[in-house]
Amino acid sequence: MTNRGVQPLTEAVLELESVMTDLYEKSGNSGLTREQFVAILDQIAAKYLPAAAPPQETAEFYASLRVEELALARACATGQERAWEIFMARYREKLYDIAAYIAKESSAARELADSLYADLYGTTTRDGQRVSKLASYTGRGSLEGWLRTVMAQEFVNRYRRQRRLVSLEEESEDGKEFAAKENEPPAGFDPRVQTATDEALAALQPEDRFILASYYLDERTLAEIARTLGVHESTISRKLDKVVKSLRKQIVVKLERKGMSRRQAQEALDVDVRDLRLNLRDRVTQESGVRAFSEKKSEIRTPDLRRQD
């Protein structure tokens with residue numbers, strides 16, 4: 001006797017396989033094999049979907065990805081020369097334009113773009129594997145938008161490195177270089193709040209991380225962030241408000257999953273978020289893992305996760 005629950009599940013799995021085949025064909029002649037392409041999709045799904053996600057949900061998620069750009073970026077990351085030629089023809093001038101807009105000065109823009117090219121191409125290796133920033137592109141947004149965010153963060157990296165060198169020189173002159181560090185106050189909060197907040201921050205899109213880090217860690221103005229990303233200041237203002245509100249909702253959901261009631265979760269966030277002693281440097285970074293921001297804890301500006309009633 002046939003199990004009635006097995007047949008629909010089998011059909012769903014076969015449909016998912018069909019979707020992956022169709023997407024592979026749509027991804028273009030990037031140089032990736034079907035097996036490599038499917039492995040990339042599985043990797044991205046494991047990052048953004050629940051472990052027990054049904055085949056239909058997985059198929060819909062895959063269909064939402066920009067597979068042609070994803071395949072191109074990942075093929076470049078694996079060292080496919082033909083893919084890199086296509087990438088350069090399509091994005092080289094755009095990257096120089098973005099760098100010029102961000103850096104303002106031509107020589108600085110050229111240096112900024114060239115340094116990013118090296119990171120994108122992958123001139124270093126780790127454990128025998130080529131290391132390319134393009135390996136962190138997930139296809140959830142446009143490749144051009146992702147490149148703009150990566151370029152903006154590289155610019156911030158350089159700015160912070162230069163500022164850090166100046167700060168170290170000033171501290172040495174003032175005798176502060178060897179000052180004892182202040183002890184952090186004991187944490188008087190439920191550790192589940194910090195865990196849930198960390199998880200919510202880690203799930204952010206790269207551009208959202210960049211905006212949060214620029215505003216709350218770097219203390220840049222909305223206008224400065226807007227100029228860096230090439231959008232209007234009001235757009236950044238709305239985006240920042242939306243991200244913070246979304247963060248709160250995600251944290252509440254995660255706290256409920258960790259055993260809190262909704263009321264307990266909301267009350268847990270009705271504290272000054274600075275009491276959580278969150279190290280935003282470890283979370284508010286690009287998917288590439290580049291540590292673009294300072295080592296300090298977020299103690300000056302912090303997103304207000306309290307209820308906005």
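The basis for the numbers below is simple: all heavy atoms, side chains too, and nothing from hydrogens, waters or symmetry mates. Everything numeric here is computed off the predicted structure, so don't read it as measured data.
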Between [X] and [Y], what is the shortest heavy-atom contact and its length?
X: L32; Y: A71; result: CD1-O, 3.7 Å
X: P50; Y: E57; result: CD-OE2, 4.1 Å
X: E154; Y: D119; result: OE1-OD2, 4.3 Å
X: A83; Y: S30; result: CB-O, 3.6 Å
X: E233; Y: A223; result: OE1-CB, 3.7 Å
X: L247; Y: A200; result: CD2-CB, 3.7 Å

Rounded to the nearest 0.5 Å, what separates atom [atom1] in [X] from atom [atom2] in [Y]?
X: S214; Y: I225; atom1: OG; atom2: CD1; answer: 5.0 Å
X: L134; Y: Y121; atom1: CG; atom2: OH; answer: 12.0 Å
X: Q80; Y: Q36; atom1: CD; atom2: CD; answer: 7.0 Å
X: S27; Y: M20; atom1: OG; atom2: CE; answer: 13.0 Å
X: S64; Y: E60; atom1: OG; atom2: CD; answer: 9.0 Å
X: S136; Y: K47; atom1: OG; atom2: NZ; answer: 7.5 Å

Exercise for the section: Would you please test M151 and W146 for side chain to side chain contact (heavy atoms under 4.5 Å, CB included) and show each step? Expected result: CA-CA 9 Å; M151 178 78 76; W146 181 86; over 6 Å; no

Does [X] reach the side chain of [Y], with side-chain heavy atoms less than 4.5 Å apart?
X: S115; Y: E111; value: no
X: F37; Y: V67; value: yes
X: W84; Y: L72; value: no
X: I40; Y: I44; value: yes
X: T138; Y: L65; value: no
X: T235; Y: L229; value: no
X: Y101; Y: R148; value: no
X: L212; Y: V244; value: yes

Practice task
For the pair Q264 and L255, evaluate side chain to side chain contact (heavy atoms under 4.5 Å, CB included) and give the outcome as yes or no after the intermediate values.
Solution key: CA-CA 9 Å; Q264 288 174 326; L255 288 175; over 6 Å; no

Practice task
Tell me whether the guanidinium CZ or amine NZ of R92 lies under 6.0 angstrom from the six-membered ring centre of Y117 and within 45° of its axis.
Solution key: yes

Practice task
Look at the side chain of T149 and the backbone N and O of P206, then say whether any donor-acceptor pair between them is shorter than 3.5 Å.
Solution key: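 No, because the side chain of T149 does not come within donor-acceptor range (under 3.5 Å) of the backbone of P206.
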
Exercise for the section: Without swapping roles, check the side chain of Y24 against the backbone of G28 for a donor-acceptor pair under 3.5 Å. Expected result: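 Judged by distance alone, no pair lies under 3.5 Å.
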
Problem - Pairs touching residues 66-80 that satisfy salt bridge (Lys or Arg N to Asp or Glu O under 4.0 Å), sequence neighbours left out - result: R66-E69, E68-R90

Practice task
Any chance you could lay out the side chain to side chain contact (heavy atoms under 4.5 Å, CB included) test for K94 and L147, step after step, and finish with the verdict?
Solution key: CA-CA 9 Å; K94 290 181 180 179; L147 289 168; over 6 Å; no

Handout entry: NZ/NE/NH1/NH2 to OD/OE distance under 4.0 Å, D208 and K242
Key = no

Handout entry: Electrostatic pair R34-E17, nearest N-O below 4.0 angstrom
Key = yes

Practice task
Check the hydrophobic clustering (I, L, V, M, F, W, Y; side-chain heavy atoms under 4.5 Å; chains of links allowed) and say if V243 and V253 are grouped together.
Solution key: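 Looking at the clustering, V253 is in a separate group from V243.
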
Practice task
Go through D241 and K245 one step at a time and tell me if the salt bridge (charged side-chain N to carboxylate O under 4.0 Å, His left out) criterion holds.
Solution key: CA-CA 6 Å; D241 182 62; K245 288 180 178 178; 3.2 Å; yes

Practice task
Say whether Y62 and D22, considering side chains only, have a donor N or O and an acceptor N or O under 3.5 Å apart.
Solution key: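 Y62 vs D22: no donor-acceptor pair found between side chains.
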
Exercise for the section: Let me see the working for L70 and L143 under side chain to side chain contact (heavy atoms under 4.5 Å, CB included), right down to the final yes or no. Expected result: CA-CA 8 Å; L70 174 62; L143 181 54; over 6 Å; no

Problem - With E199, the side chain to side chain donor-acceptor pair (under 3.5 Å) member among Q250, R257, K258 - result: K258

Exercise for the section: May I ask you to decide if the ring planes of Y91 and F87 are parallel, tilted or perpendicular, using 30° and 60° as cut-offs? Expected result: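 Answer is tilted, since the angle falls between 30° and 60°.
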
Exercise for the section: Please check if atom CD in E85 has more than 12 non-hydrogen atoms from other residues, nucleotides or ligands closer than 6.0 Å. Expected result: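 Yes, the 6.0 Å shell around CD holds more than 12 heavy atoms from other groups.
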
